[in-house]
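Every number for a ligand or one of its atoms is a count from 1 in the order of the listing.
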Amino acid sequence: MDQNEAFISAVQTATLERFETTHKAPSNIALVKYWGKYASQIPANPSISFTLSEAHTSSRLLFEKASKAEVRVLYQGEPKHEFEPKVVQFLERIRLYCPFLNEYKITIDTSNTFPHSSGIASSASGMAALAMGIVTLEQKLGGIAKEAMAQKASFLARLGSGSAARSIEGPIVSWGEHHELEQSSDLYATKFERPHEIFKTYQDTILIVHKGAKKVSSTVGHDLMNNHPYKDARFEQAQTHMSSLVSALKKGNVESFIRIVESEALSLHAMMMTSNPYFVLMEPQTLEVIKKIWEYREMTETPVCFTLDAGANVHLLYPEAEKEKVHAFIEDELKSYCEDGFFIHDHCGEGAV
Ligand code: PMV
């Protein structure tokens, strides 16, 4: 059997007239980056991330039996038509795996804990919350066992936005096959087993140096990897970084963690700078902040490091034990580089609830 077939729902008839469920799903920050994909959201290389906690989406889903499938999207109770095409596309992609959806009108009321224009992508948390709601309906309809729900939710979320697959569980999750991670799969994410204590409570302060939408959508970014002159070297580097990071995460080797994570962030941006067309997604403040972090690390020997998403904002990563010191550093030296002094203190969390 094709591996995907295992995810086709066993529900024959949808017996519930009306069902309502609410889920909260966090964003995540990749340590080894997913950048480049094949058809059906199959990643070109494995990735691994910290599941966050404070930055999350809450979605209330109302399913009502109807003669034809329909969807309505609200943002904080108000109609939000511009969100609908992405949701409709997602529901189309997962219909094969959840045919019971054909029998429902769905109303989705969603909200984020982070401001809309803050530069934090809501697709990972949003798709994860939506997938959890759908799998919960499937479970109520008797189509899936409780123990299988997280894996199916991750499988569905992946079809909405690749990185969303990593927002179902926590605190550390990998997605994409890797020979050192036995349970790993290209189809869904899996929880990273037995990380060292220090990494279970790692902190992430998101420094918003530039608000506003991303300059390059991830769809365009992934596509640019197809003909990228350095793609083979990049995919190989990601494999090697995964091996080293797996070992660092198990042993609690913070030094090695810092080296790999910063290299990954810069490699991701290097790929964008060398694609055709090319992009610079950092802002001058991004580089200022990176320089400050390096100076502070060297001067104080505090194990802080940074990572970047496909944008200008900086994620400052540090162990929980350093929290007080690092918060003072942020207030004194980094806050002034943030747009309107805006940042979010976040930390590793357990995933969707
Ligand atoms: O899930 P997507 O298609 O939005 O891609 C996410 C890509 C990065 O955020 C840049 C890296 C990652 O692994 O999360």
Next item on the list: Before signing off on this row, confirm whether Ser123 and ligand 1 have an N or O atom pair separated by under 3.5 Å.
Entry: no
Checklist line | Tyr34 ring center near Trp175 ring center (under 6.0 Å) | finding: yes
Notebook entry, point to check: Going by the order shown, which atoms of ligand 1 are within less than 4.0 Å of some heavy atom of Gly162?
Noted result: 1 (O)
Next item on the list: Evaluate the ring planes of Phe83 and Tyr75, with Trp represented by its six-membered ring, and classify them as parallel (under 30°), tilted (30 to 60°) or perpendicular (over 60°).
Entry: perpendicular
Note to self: Closer than 4.0 Å to some heavy atom of Arg166 - which atoms of ligand 1 meet that?
What the structure shows: 12 (C), 13 (O), 14 (O)
Note to self: Considering non-hydrogen atoms of the protein only, which is the closest contact for atom 4 (O) of ligand 1, and what is the distance?
What the structure shows: Ser218 OG, 2.7 Å
Notebook entry, point to check: Which atoms of ligand 1 are found less than 4.0 Å from any heavy atom of Ser163?
Noted result: 1 (O), 2 (P), 6 (C), 14 (O)
Check: Salt-bridged, Glu262 to Arg297, with N to O below 4.0 Å?
Finding: yes
Next item on the list: Look at the aromatic rings of Phe199 and His196 and report parallel, tilted or perpendicular, splitting at 30° and 60°.
Entry: perpendicular
Next item on the list: Find all atoms of ligand 1 within a distance of less than 4.0 Å from any non-hydrogen atom belonging to Ser161, and give their numbers and elements.
Entry: 1 (O), 2 (P), 4 (O)
Note to self: Can you tell me how the ring of Tyr104 sits relative to the ring of Phe63, calling it parallel under 30°, perpendicular over 60° and tilted otherwise?
What the structure shows: perpendicular
Next item on the list: Looking only at distances, please establish whether an N/O atom of ligand 1 is found under 3.5 Å from an N/O atom of Tyr34.
Entry: yes
Next item on the list: Report, in ascending order of atom number, the atoms of ligand 1 lying under 4.0 Å from any heavy atom of Trp35.
Entry: 7 (C), 10 (C)
Notebook entry, point to check: Taking atom types as modelled, is there a side-chain donor on Glu264 or His241 under 3.5 Å from an acceptor on the other?
Noted result: yes
Next item on the list: Compute the ring centroids of Tyr202 and Phe257, then answer whether they are less than 6.0 Å apart.
Entry: yes
Next item on the list: Return a yes/no value for Ser47: is any of its N or O atoms, backbone included, closer than 3.5 angstrom to an N or O of ligand 1?
Entry: no
Check: When the ring centroid of Phe7 is compared with that of Tyr97, is the distance short of 6.0 Å?
Finding: no
Notebook entry, point to check: Considering only heavy atoms of Ala30, which atoms of ligand 1 have at least one such atom less than 4.0 Å away?
Noted result: 12 (C), 13 (O), 14 (O)
Next item on the list: Considering the heavy atoms of Asp309, write down every atom of ligand 1 situated less than 4.0 Å from one of them.
Entry: 8 (C), 9 (O), 10 (C)
Item checked: Proximal candidate to atom 3 (O) of ligand 1 [heavy atom criterion; set His222, Met127, Met272] -> His222
